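One structure is given here, and the rest of the page talks about it.
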Amino acid sequence: MNKAVTDFDRQLTKWQQVIEQYLPESYPVPPVEAGGRVVEAARYSLLAGGKRIRPVLMLATAEMLGADPLAVRPFAAALEMIHTYSLIHDDLPCMDNDDLRRGNPTCHVVYGEALAVLAGDALLTQAFELVHEYGEQFGSSGWQAARILSRAAGSSGMIAGQTLDIAAEGHEINAVELEAIHTRKTGALLKAPVLVAAALAGSNEQLTSLLEQYADAIGLAFQIRDDILDVTSTPEQMGKTIGKDARDHKTTYATLYGLEGAQERLESVLAKARQSTAALQAEGLDTSFLEGLINYLATRRS
Ligand code: GRG
């Protein structure tokens, strides 16, 4: 293993630990008589692990831009809550009807459908409570960050992606339509971390725009790799059902381009991400984590 990979692994683990430690305290369990059971269901999914890529990316970017990552933790936790809510709702019988997530039975399998809907709602609401509570210390940047998160999660971001995805069911779609779905469904929540970090760090327009280009590329890369893994991986490795897209006759990067073609598309998207990190480095930033993440996305196995 070369030195760059070792450094990235160490950084990734460090940021994962920061967020793992913070998440339980960001959403304490109230007594059962005060509705504690829904928080128990929410925490069941929230604290079940996962790669924590979105909050990690936010904390690492914040540090790169000179902001205090510890002060950014509530925003990072909020983003992970929004992501977890989307997974809970996506797994429901009325959506993807999945029974395995993060290596565990899905929320509705354990707590029932009604409580799983509420757990997702509660996570989304708790996310914005956190942002509201801790955003004040950042002044107007805190509001800007809140707006970025809302847009990423909402009806022009992730929800739009899911809506387009549902509309595409049952017929083939082309590459432009596929990208329109994933820019929103997957990409929006992967772009939010760098944009929130840039806002909270008071980053200038040029850096923010380069970061945005980087995030657009890695968002797409994340989905292409996910589509490849959906064909080549196992449920044990991924902690979720695999092969479902093919079974449901859904268009994916793998069905559209073939496995080899999808891999080529992945590499070309990652090359774009590398151009962005080179430009950020030329601006004097230490982009080693962002570069390591590109390699991680190219080869991730879960
Ligand atoms: C139902 C509100 C609602 C939204 C659904 C994001 C989404 C939209 C559904 C989640 C399912 C899915 C296949 C999303 C594509 C993005 C993706 C691969 C998510 C899984 O993210 P990882 O791999 O998961 O980061 P972990 O468990 O590691 O956090």
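None of the values given here were measured: they were computed from a predicted structure.
- With a 4.5 Å cut-off on side-chain heavy atoms, Leu118 and Asp121 count as touching.
- Between the Thr234 side chain and the Gln237 main chain, a donor and an acceptor come within less than 3.5 Å of each other.
- Using cut-offs of 30° and 60° for the angle between ring planes, the Phe289 and Phe8 rings count as tilted.
- In this structure, Glu177 does not pair ionically with Arg184, as no charged nitrogen and carboxylate oxygen lie closer than 4.0 Å.
- Each of Val117 and Ile82 belongs to its own hydrophobic cluster when Ile, Leu, Val, Met, Phe, Trp and Tyr are linked at side-chain heavy-atom distances under 4.5 angstrom.
- No chain of hydrophobic side-chain contacts below 4.5 Å, direct or via other Ile, Leu, Val, Met, Phe, Trp or Tyr residues, connects Ile159 to Met95.
- With values rounded to the nearest 0.5 angstrom, Leu293 atom CG is found 10.0 Å from Arg300 atom CZ.
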Subject >> Test salt bridge (Lys or Arg N to Asp or Glu O under 4.0 Å) applied to Lys244 and Asp230, step by step >> reply: CA-CA 8 Å; Lys244 216 161 174 269; Asp230 195 55; over 6 Å; no

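- In this structure a side-chain-to-backbone donor-acceptor pair under 3.5 Å is present from Thr232 to Ile228.
- A salt bridge is defined here as a Lys NZ or Arg NE, NH1 or NH2 lying under 4.0 Å from an Asp or Glu carboxylate O, and Lys250 with Glu169 fails to meet this definition.
- Contact annotation: the side chain of Leu220 approaches that of Arg265 to within less than 4.5 Å [non-hydrogen atoms, C-beta and beyond].
- Looking only at side-chain heavy atoms (C-beta outward), Arg43 and Val29 come within less than 4.5 Å of each other.
- The OG1 atom of Thr287 sits 11.0 Å away from atom CG of Leu210, with the distance rounded to the nearest 0.5 Å.
- Side-chain contact between Val131 and Pro74: absent, with no pair of heavy atoms (C-beta onward) separated by less than 4.5 Å.
- Side-chain contact check for Pro93 versus His108: some heavy-atom pair is nearer than 4.5 Å.
- Residue Arg37 comes nearest to Leu115 through the heavy atom pair CG-CD2, 3.5 Å, listed as atom of the first residue, atom of the second, then distance.
- Linking Ile, Leu, Val, Met, Phe, Trp and Tyr residues whenever their side-chain heavy atoms come within less than 4.5 Å places Tyr214 and Tyr296 in a single cluster.
- Side chain of Arg102 to backbone of Ser45: a donor-acceptor contact under 3.5 angstrom is found.
- The hydrophobic clustering, which links ILVMFWY residues whose side-chain heavy atoms are closer than 4.5 Å, places Ile242 and Val231 apart.
- A salt bridge links Glu20 with Arg52; the closest basic N to acidic carboxylate O contact falls under 4.0 Å.
- Of the possible polar contacts, one joining the Gln126 side chain to the Ser26 backbone as a donor-acceptor pair under 3.5 Å is found.
- Between the side chains of Gln223 and Asp227, at least one donor N or O lies within less than 3.5 Å of an accepting N or O.
- The side-chain contact (heavy atoms from CB on, under 4.5 Å) test with Trp15 singles out one residue from Thr13, Leu12, Val18, and that residue is Val18.
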Original post:
What do the steps show when you test Asp226 against Lys240 for salt bridge (Lys or Arg N to Asp or Glu O under 4.0 Å), and what is the final call?
Top reply: CA-CA 12 Å; Asp226 214 65; Lys240 63 180 181 182; 3.2 Å; yes

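- Of the residues listed (Thr106, Asp91, Asp96, Asp98), the one engaging Thr241 in a side-chain hydrogen bond (donor to acceptor under 3.5 Å, both in side chains) is Asp98, and it is the only one.
- Note: the hydrophobic cluster containing Leu229 does not contain Leu259 (ILVMFWY, side chain heavy atoms under 4.5 Å, direct or indirect links).
- Using a 4.5 Å heavy-atom threshold, the side chains of Gln213 and Leu211 count as separate.
- Phe128 has its ring centre no less than 6.0 Å from the ring centre of His132.
- Within 6.0 Å of the CD atom in Glu172, the count of heavy atoms belonging to other residues, nucleotides or ligands does not exceed 12.
- Using the six-membered ring where Trp is involved, Tyr253 and Tyr257 have ring planes that are parallel, under 30° apart on the 30 and 60° scheme.
- Nearest heavy-atom pair across Leu149 and Ala192 is CD2-CB, 4.3 Å.
- Counting only heavy atoms from C-beta outward, the side chains of Thr255 and Asp245 never approach each other to under 4.5 Å.
- To the nearest 0.5 angstrom, Met58 atom CE is 9.5 Å from Leu195 atom CG.
- Leu79 contributes atom CG, which lies 9.0 Å from atom OG1 of Thr84 (distance to the nearest 0.5 angstrom).
- Between the CZ atom of Arg54 and the NE2 atom of His83 there is a distance of 4.0 Å, given to the nearest 0.5 Å.
- With 3.5 Å as the limit, one finds a donor-acceptor pair spanning the side chains of Glu40 and Tyr111.
- Taking both residues in full, the closest heavy atoms of Pro28 and Val39 are given as O-CG1, 3.6 Å, listed atom of the first, atom of the second, then distance.
- At distances below 3.5 Å, not a single donor-acceptor pair connects side-chain atoms of Ser203 with backbone N or O atoms of Ala199.
- Between Phe138 and Phe75, the ring-plane angle classifies as perpendicular under the 30° and 60° cut-offs.
- The shortest distance between side-chain heavy atoms of Glu212 and Val194 does not fall below 4.5 Å.
- Across all their heavy atoms, Arg301 and Ser233 have their closest contact at O-OG, 4.0 Å.
- Atom CD of Glu205 has 12 or fewer neighbouring heavy atoms from other residues, nucleotides or ligands inside a 6.0 Å radius.
- In this model, a donor atom of one side chain and an acceptor atom of the other lie less than 3.5 Å apart for Arg274 and Asn295.
- Distance check: Tyr27 OH to Glu129 CD gives 8.5 Å after rounding to the nearest 0.5 Å.
- In this structure, a donor-acceptor pair under 3.5 Å is present between the side chains of Gln263 and Glu267.
- For Thr183 and Glu179, the side-chain atoms include no donor-acceptor pair closer than 3.5 Å.
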